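Here the structure comes first, spelled out in structure tokens, and everything after it is commentary.
Here is how names work: the chains are called A, B, and so on, in the same order as the sequence lines, proteins then strands, and each is numbered from 1. Just so it is clear, the structure is predicted and the values come from calculations on it, not from any experiment.
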2 protein chains.
Amino acid sequence: MGLVVQKYGGSSVADVKRIKRVAERIVKRKRAGNQVVSVVSAMGDQTDELIGLSQQITDTPPKREYDMLVATGEQVSVALLAMAINELGEEVVSLTGSQVGIITDNLHSKAQILEIESERLEKELSQDKIVIVAGFQGVTVNNDITTLGRGGSDTTAVAVATALKADVCEIYTDVDGVYTTDPRVVKEARKLPEVSYEEMLELASLGADVLHPRSVEIAKQYDVKLAVKSSFYCSPGTYIKEVAKLEKTNVVSGVTCNQDEVKISIVGVPDEPGIASKVFKKLAEQGINVDMIIQNLHYDDLNDITFTIEDDDLNQAKTILEKLKQELSYKELITDSDVAKVSIVGAGMVTNSGVAAKMFDALGSEEINIEMISTSEIKISCLLDKSEADEAVQVIHDSFNLSNLSGQDA
Amino acid sequence: MGLVVQKYGGSSVADVKRIKRVAERIVKRKRAGNQVVSVVSAMGDQTDELIGLSQQITDTPPKREYDMLVATGEQVSVALLAMAINELGEEVVSLTGSQVGIITDNLHSKAQILEIESERLEKELSQDKIVIVAGFQGVTVNNDITTLGRGGSDTTAVAVATALKADVCEIYTDVDGVYTTDPRVVKEARKLPEVSYEEMLELASLGADVLHPRSVEIAKQYDVKLAVKSSFYCSPGTYIKEVAKLEKTNVVSGVTCNQDEVKISIVGVPDEPGIASKVFKKLAEQGINVDMIIQNLHYDDLNDITFTIEDDDLNQAKTILEKLKQELSYKELITDSDVAKVSIVGAGMVTNSGVAAKMFDALGSEEINIEMISTSEIKISCLLDKSEADEAVQVIHDSFNLSNLSGQDA
């Protein structure tokens with residue numbers, strides 16, 4: 001008895017058989033008395049196939065045309081899903097990002113949602129239709145098609161839920177919830193029944209498979225109730241709420257590992273004010289997010305600036321930094337892709353001392369070298385060698401006794 | 001030195017290699033000093049693949065969703081073509097039907113263009129860009145995606161040429177012009193250097209491969225110069241002009257054969273006024289075009305109404321007519337798919353007597369039975385058994401001496 005926004009990822013609609021199954025789930029939810037809006041990704045490997053076609057033409061397509069191309073992936077899946085729902089006897093309409101009015105900025109292939117027009121959605125819902133929305137895409141004010149980049153469909157779903165003031169936003173995925181760590185790495189990993197938005201934000205780096213940080217940010221900002229559920233099994237999943245509404249605050253909720261970052265060191269920069277800001281401003285202008293940052297002074301009055309970015313952005317970042325070489329007069333640019341970021345996350349961490357020490361101890365006991373450290377109120381991250389990542393996750397998971405439900409004794 | 005609108009069909013962009021070749025042609029035309037707008041169909045069999053996906057779900061998809069699905073085919077091809085042109089160093093932008101503002105009615109999968117907004121096209125051209133337009137598709141005033149049905153990309157091209165007041169509209173196809181008849185059937189078939197709009201309208205039934213009648217109608221109405229050319233070879237092709245501008249008026253320009261019609265007979269209808277109009281009105285409401293019509297009175301005061309429609313429409317027409325059975329109180333409905341319509345076409349026919357007699361003589365000499373006859377000012381059509389179609393075309397072509405350039409002595 002409410003307005004439900006759902007999101008189904010690419011693996012949930014990978015083939016016609018799965019599309020039919022998703023159609024059944026949606027129809028069931030509708031017939032239980034709910035209004036349903038489902039946001040859908042492209043079918044399985046369709047996006048990769050489209051990218052493969054473009055790569056036969058060029059490695060550097062104009063981003064506007066790239067978005068024009070890949071946005072067809074979701075248009076195909078929403079049309080097919082609408083056909084399958086119609087076949088089950090329910091009124092349904094599919095909408096592209098443009099048709100909904102998902103207005104974005106014009107940073108093609110990494111666009112951010114500026115606004116969602118709710119008129120069309122409301123009109124269709126008022127006619128008792130199920131609405132299927134193409135995820136991952138939007139449109140600029142000039143009517144050019146954009147894509148939202150990684151985690152785009154999650155973001156679409158949460159933004160649609162916000163625009164419609166939905167009662168819940170359900171994210172269906174190929175895992176059945178949020179775990180204390182990756183169950184493929186640590187077999188004792190345990191599913192968390194609930195976590196806070198803040199913890200989820202940090203845990204999201206477990207992999208965009210689960211839930212992308214941008215979508216959690218929007219959910220937190222507009223207080224949208226989130227649920228992460230399995231597309232294949234019926235299980236309660238993990239609920240994501242405000243800290244105040246949690247049953248219990250965990251000191252450490254989980255251990256995450258991100259292998260998609262690279263480390264860049266700008267070696268031998270003169271120790272002058274404004275150098276770092278110049279670097280990071282240039283990167284930000286191109287939409288490149290910088291994660292961990294360290295700056296340290298040499299004996300010879302030269303600085304090293306070391307930071308991490310997503311590995312997808314490496315080539316673009318190198319081009320930008322090489323152009324700045326004369327202006328910054330640095331000595332050398334060193335990049336390292338063989339790194340992994342292992343983090344512990346927990347909303348209760350801020351009121352518990354000794355958590356960092358315990359994590360470093362655990363790594364030290366296995367002689368794992370820490371290259372960089374960064375901390376926030378609810379997270380501690382260590383950058384280390386990629387080859388030692390799995391071992392690090394296991395030893396930290398053990399050390400905080402995370403496989404045990406009552407093991408919150410950090 | 002002008003504004004050129006071009007159309008490339010699905011076989012011209014069937015794979016990446018051909019897309020690159022089309023890109024080269026377009027860039028060459030641009031660098032020769034022209035403004036170029038190219039309308040493009042979906043890649044080769046992509047539309048069939050999309051339809052194949054939908055057929056795994058249902059044989060009767062909602063037409064709105066069907067259009068949503070198949071319209072992605074052209075969006076893929078325009079994006080890839082734009083990438084290939086960009087790679088050759090020219091500024092380019094691809095546009096969907098919706099982005100151009102190709103406004104259609106809401107008869108999904110058979111929509112008609114109501115209006116083309118030229119602002120976006122003009123804006124892009126004024127920035128010296130090549131513009132690539134998705135053929136075959138448009139958008140309703142409610143922002144729903146439509147497709148134009150058969151010959152849609154030709155129609156898009158001519159309509160765009162009209163809206164932009166282009167100097168010429170070039171239709172690139174896999175044949176190198178318009179022939180006196182199908183060269184696959186009659187090896188002596190001869191390419192016509194020019195024909196009138198009216199003749200082309202009739203000859204178009206040679207096959208939608210060459211040029212669809214709807215596009216010729218629009219070209220005639222707005223006096224758009226048309227040229228049919230080969231996408232693979234450089235040859236002058238066939239120009240389509242007003243009769244007044246032709247070098248010479250042909251008595252008979254060509255012989256066509258349409259095998260895509262079916263014959264429907266409504267047998268034993270009471271001889272009352274308004275019966276026929278009721279039948280044809282109901283068919284027209286569903287967008288079914290009726291071609292040849294015969295009505296004849298029996299001795300028992302009952303009429304037979306016999307007519308032909310496109311075979312694609314047969315199932316829909318039968319459903320409509322079966323629903324009318326009680327109202328019309330007819331005795332029987334007979335359909336026949338084994339028919340072919342063989343026609344002769346020529347702008348000079350109207351001022352020459354004996355043309356029909358010569359055609360019937362030729363068929364009679366081979367003992368080919370004529371089932372229905374219809375005539376217009378520039379065309380005579382005979383419906384006959386499909387198995388005799390090729391023989392009929394050959395004997396008529398011979399009879400009018402069409403393989404001989406000077407053989408216009410009907």
Legend entry - salt bridge (Lys or Arg N to Asp or Glu O under 4.0 Å) partner of A:Lys129, chosen from A:Glu91, A:Glu124, A:Glu90, A:Glu122: A:Glu124
Which atoms of [X] are under 4.5 Å from chain B, going by heavy atoms: the side chain, the backbone, both sets, or neither?
X	answer
A:Gln99	both
A:Val93	both
A:Ile132	neither

[X] versus chain A, heavy atoms under 4.5 Å apart: side chain, backbone, both or neither?
X	value
B:Ser77	neither
B:Asp144	both
B:Ile145	both
B:Asn143	both

Legend entry - Donor-acceptor side-chain pairing of B:Thr147 and B:Gln137 below 3.5 angstrom: no
Inset, instruction - Give a yes-or-no answer on whether the side chains of A:Gln75 and B:Thr72 include a donor-acceptor pair shorter than 3.5 Å. - result: no
Inset, instruction - Answer yes when A:Asp313 and A:Lys318 have at least one side-chain N-carboxylate O distance shorter than 4.0 Å, and no when they do not. - result: no
Inset, instruction - Flag the pair A:Arg214 and A:Asp154 as a salt bridge only when some basic side-chain nitrogen lies within less than 4.0 angstrom of an acidic carboxylate oxygen. - result: no
Inset, instruction - Measure the CD1-OG1 distance between B:Ile102 and B:Thr146 for me, rounded to the nearest 0.5 Å. - result: 9.0 Å
For each of [options], tally heavy-atom pairs with chain A at distances under 4.5 Å, and name the one with the top tally.
options	value
B:Leu69, B:Asp67, B:Leu95, B:Leu50	B:Leu69
B:Ile19, B:Val78, B:Thr60, B:Thr96	B:Thr96
B:Val139, B:Leu53, B:Leu80	B:Leu80
B:Asp15, B:Thr58, B:Val70	B:Thr58

Inset, instruction - Determine the sole option in A:Ser12, A:Ser153, A:Ser11 for which the side-chain hydrogen bond (donor to acceptor under 3.5 Å, both in side chains) test with A:Ser41 is passed. - result: A:Ser153
Legend entry - For chain B, the option from A:Ala71, A:Ser98, A:Ala79, A:Ala84 that forms the most heavy-atom pairs under 4.5 Å: A:Ala79
Inset, instruction - For chain B, find which of A:Lys20, A:Lys17, A:Arg64 contributes the most heavy-atom pairs closer than 4.5 angstrom. - result: A:Arg64
Legend entry - B:Arg25 versus B:Tyr8, closest heavy-atom pair with distance: CB-OH, 3.9 Å
Inset, instruction - Verify the neighbour count for atom NZ of A:Lys123: are there more than 12 heavy atoms of other residues, nucleotides or ligands below 6.0 Å? - result: yes
